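Quantities reported herein were computed from a predicted structural model and do not represent experimental measurements. Convention: sequence-line order gives letters A, B, ...; per-chain numbering from 1.
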There are 2 protein chains.
Amino acid sequence: MNAISIGVVSRETGVKVPTIRYYESVGLLPSPERTDSNRRSYDDATVRRLRFIRHARELGFEVDAIRQLLDLSDQPERSCAEVDVIARSHLAEIDEKIARLTALRFEVQRMVDEGEHGRVAQCRVIEVLGDHAACLHERH
Amino acid sequence: MNAISIGVVSRETGVKVPTIRYYESVGLLPSPERTDSNRRSYDDATVRRLRFIRHARELGFEVDAIRQLLDLSDQPERSCAEVDVIARSHLAEIDEKIARLTALRFEVQRMVDEGEHGRVAQCRVIEVLGDHAACLHERH
DNA sequence: TCTTGATCCTCTAGTCGCTAGAGCATGTAG
DNA sequence: CTACATGCTCTAGCGACTAGAGGATCAAGA
């Protein structure tokens with residue numbers, strides 16, 4: 001029922017076929033059902049899970065962090081304290097990423113704007129990420 | 001003048017010593033001056049550059065993208081058109097990252113909030129990143 | 001001054017997260 | 001029933017580090 005081949009999953013998620021098999025091998029994806037001829041057979045839930053993994057990776061989360069977030073999703077009935085600790089720590093990580101990206105965005109935007117009327121006066125891309133990051137890092 | 005050893009640079013940036021040498025080998029950092037005894041001798045500019053590289057990597061930018069941003073910074077006098085194309089493409093990438101992180105942040109925050117009064121009802125972490133990502137991907 | 005421990009050097013090899021390819025089996029369309 | 005796409009497993013390669021061996025150099029104390 002609703003059996004999706006690995007190739008279709010790949011096309012729908014943008015995750016390459018060998019990568020899907022790799023995620024299975026490291027436990028990010030459950031081992032799927034197999035057809036009579038031993039082919040992997042997925043469902044919609046796996047497609048969503050895979051999309052999540054892909055974009056979380058693109059956002060710079062490590063496989064371990066993704067595993068934790070997925071575990072949270074797999075067992076929403078687990079203890080509040082546990083969820084809270086894990087979720088809060090990721091919240092902090094997410095906030096830091098957003099803050100840094102926003103600073104970088106501002107600076108790159110400034111370069112685009114300046115480029116519109118003449119030449120770029122100076123580039124402070126390094127400063128904006130470097131210093132901001134340093135300050136965030138200090139209070140770690 | 002203002003000579004900083006690789007170890008100090010490492011401590012100040014949080015980038016490991018071998019990684020600093022690696023960045024030099026792949027051209028992200030210029031080959032620094034050497035002391036009489038062949039030791040690398042850095043200045044403050046390199047420390048800032050390194051901090052930028054580190055945090056850009058943590059934000060999920062590839063080494064090639066970082067190289068482009070650094071080039072922009074190294075030669076701010078280059079043609080407007082060139083800067084514009086590069087900067088705009090990174091702007092789009094940055095905006096996409098911010099949008100996804102914001103969606104994820106919202107959902108993780110909801111989990112923390114719900115956890116405060118009882119158990120977590122359900123986890124939509126996968127949905128929020130997965131679907132949002134899919135929609136962003138469609139219009140590529 | 002001598003020594004001892006930290007820091008540096010280069011070079012090689014290992015890890016993580018994929019990614020590509022060989023060699024073979026199975027599915028599907030004409 | 002061919003032919004070609006798609007699937008399987010397994011091994012090897014790549015990007016971006018990371019750790020370790022083996023050896024030189026520096027800095028501080030006896």
Side-chain angles (χ1 to χ4, degrees), chain A residues 2-43 46-47 49-70 93 129 133, chain B residues 2-43 46-47 49-70 93 97 129 133 137:
Chain A
N2 204 357
I4 314 174
S5 74
I6 198 168
V8 173
V9 170
S10 172
R11 248 165 273 138
E12 281 187 14
T13 59
V15 179
K16 290 173 185 163
V17 169
T19 306
I20 298 173
R21 292 196 276 246
Y22 168 75
Y23 286 154
E24 181 185 334
S25 78
V26 297
L28 276 188
L29 285 180
S31 301
E33 302 283 299
R34 298 283 186 135
T35 67
D36 291 348
S37 60
N38 199 36
R39 303 193 161 193
R40 287 170 180 81
S41 175
Y42 296 98
D43 54 14
T46 310
V47 172
R49 193 181 179 94
L50 204 42
R51 263 202 277 262
F52 171 81
I53 295 170
R54 169 166 165 243
H55 294 291
R57 291 288 302 132
E58 282 174 10
L59 291 170
F61 289 95
E62 292 177 1
V63 165
D64 252 22
I66 297 173
R67 209 187 311 267
Q68 283 187 3
L69 287 167
L70 286 173
E93 189 184 348
L129 246 201
Chain B
N2 203 358
I4 313 173
S5 74
I6 198 169
V8 173
V9 170
S10 171
R11 249 165 272 137
E12 283 187 13
T13 58
V15 179
K16 290 174 185 161
V17 169
T19 306
I20 297 173
R21 292 196 276 248
Y22 168 75
Y23 284 154
E24 180 186 335
S25 80
V26 297
L28 275 189
L29 285 180
S31 302
E33 302 283 300
R34 297 285 185 134
T35 67
D36 292 348
S37 60
N38 198 36
R39 298 189 167 200
R40 287 170 180 82
S41 175
Y42 295 98
D43 54 13
T46 310
V47 173
R49 194 180 177 93
L50 204 42
R51 264 203 276 262
F52 172 81
I53 295 169
R54 168 164 167 245
H55 294 292
R57 288 292 299 133
E58 283 175 8
L59 291 170
F61 289 96
E62 292 179 1
V63 164
D64 252 21
I66 297 173
R67 210 188 311 267
Q68 283 187 5
L69 287 167
L70 286 172
E93 190 184 349
K97 281 177 190 288
L129 245 200
H137 192 245

Problem - Distance, rounded to the nearest Å, where B/Ile20 contributes CD1 and C/dT10 contributes P - result: 13 Å
Practice task
Can you sort out the partners of A/Ser5 under side-chain hydrogen bond (donor to acceptor under 3.5 Å, both in side chains), two or more places apart, ordered by chain and number?
Solution key: none
Exercise for the section: Quick one: pull up CZ in A/Arg49 and CG in A/Asp43 and give me the separation to the nearest 0.5 Å. Expected result: 10.5 Å
Exercise for the section: Would you kindly compare B/Val17 and A/Arg67 by the position of their nearest DNA chain C nucleotide and give the one closer to the 5′ end? Expected result: B/Val17
Practice task
Could you tell me whether A/Val26 contacts a base, only the sugar-phosphate backbone, or nothing, with contacts defined as non-hydrogen atoms closer than 4.0 Å?
Solution key: nothing
Fill in the blank from the handout: Under a 4.0 Å heavy-atom criterion, the protein footprint on nucleotides 24-30 of chain C, written with B, S and -, is -BBS---
Practice task
Tell me, please, which residues at least two apart from A/Arg57 pass side chain to side chain contact (heavy atoms under 4.5 Å, CB included).
Solution key: A/Tyr23, A/Ile53, A/Val63, A/Ile66
Exercise for the section: Could you tell me whether A/Arg21 contacts a base, only the sugar-phosphate backbone, or nothing, with contacts defined as non-hydrogen atoms closer than 4.0 Å? Expected result: base
Practice task
Only pairs at least two apart or in different chains count here, so list each salt bridge (Lys or Arg N to Asp or Glu O under 4.0 Å) that has a residue in residues 27-36 of chain A.
Solution key: none
Practice task
Using whole Å, report how far NZ of B/Lys16 lies from P of C/dC9.
Solution key: 18 Å
Problem - For A/Ser41, all residues meeting side-chain hydrogen bond (donor to acceptor under 3.5 Å, both in side chains), sequence neighbours excluded - result: none
Handout entry: Partner residues of B/Thr19 under the side-chain hydrogen bond (donor to acceptor under 3.5 Å, both in side chains) criterion, sequence neighbours left out
Key = none
Exercise for the section: Report yes if at least one side-chain N or O of A/Thr19 is closer than 4.0 Å to OP1 or OP2 of C/dC18; otherwise report no. Expected result: no
Problem - Outermost DNA chain D nucleotides near chain B [under 4.0 Å, heavy atoms] - result: D/dA16 to D/dC26
Fill in the blank from the handout: By side-chain hydrogen bond (donor to acceptor under 3.5 Å, both in side chains), B/Ser31 pairs with (sequence neighbours left out) none
Problem - Partners passing salt bridge (charged side-chain N to carboxylate O under 4.0 Å, His left out) against A/Arg21 (at least two apart in sequence or in another chain) - result: none
